[in-house]
Structures are given as C-alpha cells and as structure tokens.
Amino acid sequence: MNTFHLEGRSHVTLSNLLKIEGWCESGAAAKHAIDEGRVTVDGQVELRKRNKIVANQVVRFAGNTIKVVE
C-alpha cells in the first residue's frame, strides 16, 4: 500500500488525489471514474468528486490502494 502525504494541508479532494497519483490522466477522467462508482474510500463506494480525503483514510481504484497520512 502506498501513502500520500498531505504536507500540512487539511485534506485533498478525491478527484485531485486520483489525478496527482497518476491513476487518471486528467481531472475529467477522475470525475468520470468516481461517477461510475469505481472508487472506494475506507471500503465504501464514493460518488462525491469533491469529497475531502483526510489523514488515515484509504482510497482504492483500479487495483491501486493508497493511505492518506499527515
């Protein structure tokens, strides 16, 4: 499992996280994947593109898993 460091920020939006990690080639592709229900946060399907992902949450998409840390 990889980790994503917030680096002093309080959160990162779900669509931005998918784009930053390179799991989607663009923000539009990330939003489309979320709309299709292909992304989970802490084991639950997440349909909110602007969902604020905070420390200790785990995001999964397309065989990738990442834990967000401070």
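These numbers come from a predicted model, not from an experiment. All heavy atoms count here, side chains included; hydrogens, waters and symmetry mates do not.
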J.: Could you pull out all residues at least two apart from Lys67 that satisfy side-chain contact (heavy atoms from CB on, under 4.5 Å)?
T.: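 Testing Lys67 for side-chain contact (heavy atoms from CB on, under 4.5 Å), a comparison that skips the adjacent residues, returns Met1, Asn56, Val58, Val69.
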J.: My understanding is that only residues two or more places apart in sequence, or in another chain, count here; which of them pass side-chain hydrogen bond (donor to acceptor under 3.5 Å, both in side chains) with Gln44?
T.: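 Here no residue qualifies.
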J.: Looking at residues at least two apart in the chain, or sitting in another chain, which of them share a side-chain hydrogen bond (donor to acceptor under 3.5 Å, both in side chains) with Glu46?
T.: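 Testing Glu46 for side-chain hydrogen bond (donor to acceptor under 3.5 Å, both in side chains), a comparison that skips the adjacent residues, returns Arg48, Asn51.
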J.: Mind checking the CZ-OG1 spacing from Arg60 to Thr40? Nearest 0.5 Å is all I need.
T.: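 Reported to 0.5 Å precision, the distance equals 6.0 Å.
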J.: Would you say CZ of Arg50 has more than 12 non-hydrogen atoms from neighbouring residues, nucleotides or ligands within 6.0 angstrom?
T.: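 Counting other residues, nucleotides and ligands, CZ of Arg50 stays at 12 neighbours or fewer.
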J.: Could you list the residues that satisfy side-chain hydrogen bond (donor to acceptor under 3.5 Å, both in side chains) with Arg38, not counting sequence neighbours?
T.: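 Checked Arg38 against side-chain hydrogen bond (donor to acceptor under 3.5 Å, both in side chains); matches are Glu36.
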J.: Supply the members, apart from Val45, of the Ile/Leu/Val/Met/Phe/Trp/Tyr cluster built from side-chain contacts under 4.5 Å; use none for a lone residue.
T.: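 The other cluster members (ILVMFWY side chains, heavy atoms under 4.5 Å, direct or chained) are Leu47.
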J.: Test of understanding: with side-chain hydrogen bond (donor to acceptor under 3.5 Å, both in side chains), list the residues that count as partners of Asn64, not counting sequence neighbours.
T.: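 Partners of Asn64 under the side-chain hydrogen bond (donor to acceptor under 3.5 Å, both in side chains) test: none.
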J.: Listed by chain and number, what are the side-chain contact (heavy atoms from CB on, under 4.5 Å) partners of Ala28, not counting sequence neighbours?
T.: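 With sequence neighbours excluded, Ala28 shows a side-chain contact (heavy atoms from CB on, under 4.5 Å) to Ser26, given in chain and number order.
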J.: May I ask you to list the residues sharing a hydrophobic cluster with Ile66, side-chain cutoff 4.5 Å, ordered by chain and number?
T.: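 When side chains under 4.5 Å apart are linked, the cluster holding Ile66 also contains Phe4, Leu6, Val12, Leu14, Leu17, Leu18, Ile20, Trp23, Ile34, Val39, Val41, Ile53, Val59, Phe61, Val68.
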J.: Would you please name every residue forming a side-chain contact (heavy atoms from CB on, under 4.5 Å) with Lys31, sequence neighbours left out?
T.: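 Listed in chain order: Ser15, Lys49.
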J.: Which atom pair, heavy atoms only, marks the closest approach of Lys19 to Gly27?
T.: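 Taking Lys19 first and Gly27 second, the nearest heavy atoms are CD-N, 3.4 Å.
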J.: What distance do Cys24 atom SG and His32 atom NE2 have between them, rounded to the nearest 0.5 Å?
T.: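 The SG atom of Cys24 sits 10.0 Å away from the NE2 atom of His32.
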